[in-house]
Amino acid sequence: MHNETFETSGAHLQKLNAPCLGVHDQVFIKRDDLIHPVVSGNKWRKLKHHIESAFTAGKNHLVTFGGAYSNHMVATACAGAALKFKTSCFIRGDELQNNANHFLKLATLYGMELIPTDRETYRNHKQELYETHFGQNPAAMMVDEGGSGVLGARGIAEIIFELPFVPDHIIHASATATTASGLLRGLSTRPGFGSTKVHSIAVLQNTEEQLQTVASLEPRNPYEINPDYTFGGYAKTTPELMAFLKEFSSQTGILTDPVYTAKALFALKSKIETGEINPKETVVFLHTGGMLGLFSESMLAQL
Ligand SMILES: *Cc1c(COP(=O)(O)O)cnc(C)c1O
């Protein structure tokens, strides 16, 4: 499958010179945010093999699931439009209008069919929802929420094969741990990369679930998901986090979002401060994208 809309060669590795991270001149940033201006870098990585398997199976309709602020929903809508797939998404919350926020509007712009779903059914009956609406449709293929699972992790693993050197540390924002699992898989399959340490920074309070995901996709013992930088939970922020996000943008010209990447960057700053990551070691910060999270009204109001 080749598609220039999602060319990953733009996702280069660049040296970071950001005084707000502390004293360390071996920090690099992997620019997956440059894969696409709207689609989260890691959401494209996670979708890629799902879409390939849909092509192979002769399907032309992707059906998925997401909350009203889902980067995965917008990514699926955009990728579908670019690659000539129909797309549908069950939306968590049947009170939502299609134009309730910029995520839903963008998904609609890309031609996605949105199916508002009450929260209980959404939580407990995804398979039945799919069967009821699309079970009779031979062209349809279900893609799990977030593009998770083995296929999602496989796309993430490719990031490791794009790195020009073996870093001592990789640090990234983690929500379902599909990205974490994919990075671990890449490190164990690319010769010479076995000793790199991955720091997965939880952006919400679900570390037990995340550990189970890693255990099922890419078992590692021991493996840690860092619970110290959730800032109160999913999409929660503090004035300190927002001040840091502003400082980072003004020092680098690189945007981050308060839901995911700013939290992981903040963790990096702390680890440099405490010496857990020492100045002689090389660090790759994975910028997973997520720009839409910065541009919501509530986040902009806090800047
Ligand atoms: C979804 C997302 C993540 C989390 O990825 P997981 O594979 O669910 O852990 C991180 N960063 C951004 C920008 C995302 O959109």
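Residue numbers start at 1 and run along the sequence shown. Just follow the structure's listing: the first ligand is 1, and inside any ligand the first atom is 1. Quick note: numbers below take in every heavy atom, side chains included, and nothing from hydrogens, waters or symmetry partners.
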Give the cluster check for Leu96 versus Tyr110: same hydrophobic cluster or not, with ILVMFWY residues linked at side-chain heavy-atom distances below 4.5 Å.
-> yes

Could you list the atoms of ligand 1 found under 4.0 angstrom from a heavy atom of Ser174?
-> 9 (O)

State the atoms of ligand 1, each with its element, that fall below the 4.0 Å cut-off from a heavy-atom position in Gly290.
-> 13 (C)

Are Val23 and Leu268 connected in the hydrophobic side-chain network, where two residues link if heavy atoms are under 4.5 Å apart?
-> no

Residue portion contacting ligand 1 (non-hydrogen atoms closer than 4.0 Å) for Lys46 | side chain

What part of Thr288 sits under 4.0 Å from ligand 1 if we count only heavy atoms: the side chain, the backbone, both or neither?
-> both

Identify the closest protein heavy atom to atom 8 (O) of ligand 1: which residue and atom is it, and at what distance?
-> Thr176 OG1, 2.7 Å

Which of the numbered atoms in ligand 1 are below 4.0 angstrom from a heavy atom of Gly289?
-> 13 (C)

Relative to ligand 1, is His72 under 4.0 angstrom through side chain, backbone, both or neither, heavy atoms considered?
-> neither

Considering heavy atoms of the protein only, find what lies nearest to atom 3 (C) of ligand 1 and give residue, atom and distance to 0.1 Å.
-> Asn42 ND2, 3.4 Å

Geometric class of the His287/Phe285 ring pair [parallel <30°, tilted 30-60°, perpendicular >60°] = perpendicular

Do the non-hydrogen side-chain atoms of Phe65 and Asp144 ever get within less than 4.5 Å of each other?
-> no

Below 4.5 Å, heavy atoms only, C-beta onward: do Ile156 and Ser181 meet side chain to side chain?
-> no

Shortest protein heavy-atom distance from atom 7 (O) of ligand 1, along with the residue and atom involved = Thr179 OG1, 2.6 Å

For ligand 1, which atoms sit closer than 4.0 Å to a heavy atom of Asn71?
-> 15 (O)

Listed once per pair and sorted, the side-chain hydrogen bond (donor to acceptor under 3.5 Å, both in side chains) pairs that draw on residues 192-201, sequence neighbours left out | His169-His199, His172-Ser200, His199-Lys271, Ser200-Tyr223

Around atom 9 (O) of ligand 1, find the nearest protein heavy atom and jot down its residue, atom name and distance.
-> Ala175 N, 2.8 Å

Report yes or no: is the cationic atom of Lys126 (NZ for Lys, CZ for Arg) under 6.0 Å from the centre of the six-membered ring of Phe134, at an angle within 45° of the ring normal?
-> no

Pair Ser88, His61: side-chain N/O donor-acceptor within cut-off below 3.5 Å | yes

To which protein heavy atom is atom 2 (C) of ligand 1 closest, and what is the distance rounded to 0.1 Å?
-> Lys43 NZ, 2.4 Å

Touching ligand 1 at all, Ala177? Heavy atoms, strictly under 4.0 Å?
-> yes

Please determine if Lys269 forms a cation-pi arrangement with Phe266, meaning its NZ or CZ atom is less than 6.0 Å from the six-membered ring centre and no more than 45° off the ring axis.
-> yes

For ligand 1, find out whether one of its N or O atoms is nearer than 3.5 Å to an N or O atom of Ser40.
-> yes

